[in-house]
Amino acid sequence: MTSTIAVAGASGLVGSNIVKEALERGYTVRGTLRDASDESKTKWLMALPGAADRLTLHSANADDGSGFDAALSGADAVFIACFPPIYKAEDGTPAKELDRVRGYAEIVAPVRNGCLNVLEAARRAGIAHVMLCSSTSSTNPPEGVAIKTETNAVSDAEFQMSEGKFTSAEKIVMETAARDFCVHHNMRLAIFLPTMMLGPVILPQHLEGDSAGFVTSAVRDGRTRHDKVPAGSMSVSHIGDVAKLFLAAYEQGARGRFFAVYDSVPWRDLYAELGKHVPASIMPAPLDGPPEEPTRFDFTRRDSLGVAMRDIPSVIAETCDWLKSRPFG
Ligand SMILES: NC(=O)c1ccc[n+]([C@@H]2O[C@H](COP(=O)([O-])OP(=O)(O)OC[C@H]3O[C@@H](n4cnc5c(N)ncnc54)[C@H](OP(=O)(O)O)[C@@H]3O)[C@@H](O)[C@H]2O)c1
């Protein structure tokens, strides 16, 4: 195994943490973002320990595949984390208001085709190992399952699209296309399924994202995401642990899907933890009655990778303490 890997989406929440973890493990890393001259992003990556000697950043765009040949050349593996969810069509129409034709063409197909563009560049570069970031939005079969495993929790793209859930469908369509491509070209594929990821971030821009927002809004802005505690649940993990799962799977020759969450807990319990670190006055109104049953997972495959996942109280405490330290000034 060579010591060079490529990370597509290196300036992203997930990608930047994979870069950090890979540098810490001694890898040489080729990272991509759409504009590698954008110093508001690159300076944070280039400040990571080891980056000056072993990180190069390259401009590449998955929409047409441009730039990936140069970025992937000489790498042993590609870690793909450059497909954040698309919530709106090109004209700004929310995805859930689109009909099937537009929803597929403007929300689902760009992700599928973009992923295939990156994979095609990987094939041309002779890369045989692909680590792909997807999402638990690809783990919701219409009939539901009592305990999710990576094999029984597979969304039905047509069903999701029939309900207007194009933003969710894009993930299972991407996974299916990637799996077919990698089988056809004899490339190893591992797929990771996170939901909300907390913990210190590398680029300040990521504080504004959906994941960090749960804590950022409370600690920094003095308000919570919800006015009232929702009855449902949320799956959570530490972003650093997610990156460790990617590297562990690569190093161990693993393939197939892996949950990348610590666990799912009721929002009520998440807010109870958050409330230990912020003023009670900003907490949302309590839930009336008991919460809904959280999603249940079988973590056998995740745990086979040997990554000690941090529990939710520890993750929330660490994230709050880190934010209070004003890490970006
Ligand atoms: N963040 C979450 O809360 C969350 C939760 C569950 C699952 N996930 C999954 O994690 C994966 C990565 O998401 P993320 O949150 O890390 O995304 P992110 O922070 O928005 O980063 C996306 C990365 O991809 C790059 N990128 C965006 N569009 C691109 C394109 N057309 N061509 C090439 N590069 C492009 C971005 O670079 P530039 O913009 O700098 O060019 C950036 O490096 C996705 O599959 C997402 O569904 C994320």
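Whatever order the structure lists them in is the order used to number ligands and atoms, beginning at 1. Residue numbers count from 1 along this sequence. Everything quoted here is computed from the prediction, not taken from an experiment.
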Q: Side-chain contact, heavy-atom cut-off 4.5 Å: Phe299 with Asp263?
A: yes

Q: Lys41 heavy atoms, cut-off 4.0 Å: which ligand 1 atoms fall inside?
A: 38 (P), 39 (O), 40 (O)

Q: Apply the ring pair (Phe, Tyr, Trp, His ring centres under 6.0 Å) test between Phe192 and each candidate in Tyr250, Phe246, Phe259; give the one that qualifies.
A: Phe246

Q: Report the part of Ala60 in contact with ligand 1, treating N, CA, C, O as backbone and CB onward as side chain, heavy atoms under 4.0 Å; options are side chain, backbone, both, neither.
A: backbone

Q: Honestly curious: do Phe258 and Phe83 fall in one hydrophobic cluster under the side-chain, below-4.5 Å linking rule?
A: no

Q: Check for a donor-acceptor pair, side chain of Glu273 on one end and backbone N or O of Pro313 on the other, with a separation under 3.5 Å.
A: no

Q: Starting from atom 2 (C) of ligand 1, find the nearest protein heavy-atom neighbour and note its residue, name and distance.
A: Ser211 OG, 3.5 Å

Q: If the cut-off is 4.0 Å to any non-hydrogen atom of Ala81, which atoms of ligand 1 fall inside it?
A: 12 (C), 22 (C), 23 (C), 24 (O)

Q: Who gets closest to atom 22 (C) of ligand 1 by heavy atom: Ser138, Pro84, Gly9?
A: Pro84

Q: List the steps and the verdict of side-chain contact (heavy atoms from CB on, under 4.5 Å) for His277 and Ile316.
A: CA-CA 9 Å; His277 306 279; Ile316 290 178; 4.1 Å; yes

Q: With side chain to side chain donor-acceptor pair (under 3.5 Å) as the test, pick out the partner of Ser155 among Glu175, Lys165, Lys171, Gln160.
A: Gln160

Q: Within the 4.0 Å heavy-atom shell around Ala10, which atoms of ligand 1 are there?
A: 43 (O)

Q: Does Gly114 have a heavy atom less than 4.0 Å from any atom of ligand 1?
A: no

Q: Which of the numbered atoms in ligand 1 are under 4.0 angstrom from any heavy atom belonging to Asp63?
A: 31 (N)

Q: Check for a donor-acceptor pair, side chain of Thr136 on one end and backbone N or O of Thr139 on the other, with a separation under 3.5 Å.
A: no

Q: Counting heavy atoms only, name the option from Pro110, Ser137, Cys82 that's nearest to atom 24 (O) of ligand 1.
A: Cys82

Q: Quick one: look at Met196 and ligand 1, take heavy-atom pairs under 4.0 Å, and tell me if it's side chain, backbone, both or neither.
A: neither

Q: Is there a polar contact between ligand 1 and Ala62, counting only N or O atoms under 3.5 Å apart?
A: yes

Q: Taking both backbone and side-chain atoms of Ser135, is any N or O found less than 3.5 Å from an N or O belonging to ligand 1?
A: no

Q: Go through the steps for Glu106 and Lys88 under the test salt bridge (charged side-chain N to carboxylate O under 4.0 Å, His left out), then give the verdict.
A: CA-CA 8 Å; Glu106 297 181 46; Lys88 289 182 179 167; over 6 Å; no

Q: In terms of residue, atom name and distance, what is the protein heavy atom nearest to atom 47 (O) of ligand 1?
A: Lys171 CE, 2.8 Å

Q: Taking atom CG of Leu98 and atom CE of Met161, what is their separation to the nearest 0.5 Å?
A: 12.0 Å

Q: Which protein non-hydrogen atom lies closest to atom 21 (O) of ligand 1, naming both residue and atom, and how far is it?
A: Gly12 CA, 3.0 Å

Q: Numbering the atoms of ligand 1 from 1, which are under 4.0 Å from a heavy atom of Pro194?
A: 6 (C), 7 (C)

Q: Report the part of Thr136 (side chain from C-beta onward, or backbone N, CA, C, O) that has a heavy atom under 4.0 Å from ligand 1; answer both or neither where that applies.
A: neither

Q: Could you find the nearest protein heavy atom to atom 4 (C) of ligand 1 and give me its residue, atom name and distance?
A: Met197 CE, 3.3 Å

Q: Mind checking the CZ-SG spacing from Arg123 to Cys182? Nearest 0.5 Å is all I need.
A: 11.5 Å

Q: Could you tell me the residue and atom name of the protein heavy atom closest to atom 9 (C) of ligand 1, and the distance to it rounded to 0.1 Å?
A: Ser134 O, 3.3 Å

Q: Do me a favour and list the nearest non-hydrogen protein atom to atom 28 (N) of ligand 1 with residue, atom name and distance?
A: Arg34 CZ, 3.4 Å

Q: Identify which of Phe192, Phe83, Phe214 has a heavy atom lying nearest to atom 46 (C) of ligand 1.
A: Phe83

Q: Using a 4.0 Å cut-off to any heavy atom of Asn61, which atoms of ligand 1 qualify?
A: 30 (C), 31 (N), 32 (N), 33 (C)

Q: Just how far is it from atom CG of Leu45 to atom CG of Leu33, taken to the nearest 0.5 Å?
A: 7.5 Å

Q: Sequence neighbours left out, what pairs pass salt bridge (charged side-chain N to carboxylate O under 4.0 Å, His left out) with at least one residue falling in residues 281-296?
A: Lys228-Asp288

Q: Students should be able to answer this: which protein heavy-atom is nearest to atom 42 (C) of ligand 1, and at what distance?
A: Ser11 OG, 3.4 Å

Q: For atom 19 (O) of ligand 1, tell me which residue out of Leu203, Leu13, Thr167 has the closest non-hydrogen atom.
A: Leu13

Q: Considering only the protein, which heavy-atom contact is closest to atom 10 (O) of ligand 1, and what is its distance?
A: Cys133 SG, 3.2 Å

Q: Looking at Thr149 and Asp298, would you say the former's side chain and the latter's main chain have a donor-acceptor pair under 3.5 Å?
A: no

Q: Has Arg54 got a side-chain atom pairing as donor or acceptor with Leu23's backbone, closer than 3.5 angstrom?
A: yes

Q: Can you tell me if Asn61 uses its side chain to pair, donor with acceptor, with the backbone of Ser66 under 3.5 Å?
A: no

Q: Does Val14 reach ligand 1 with a nitrogen or oxygen that is under 3.5 Å from one of the ligand's nitrogen or oxygen atoms?
A: yes

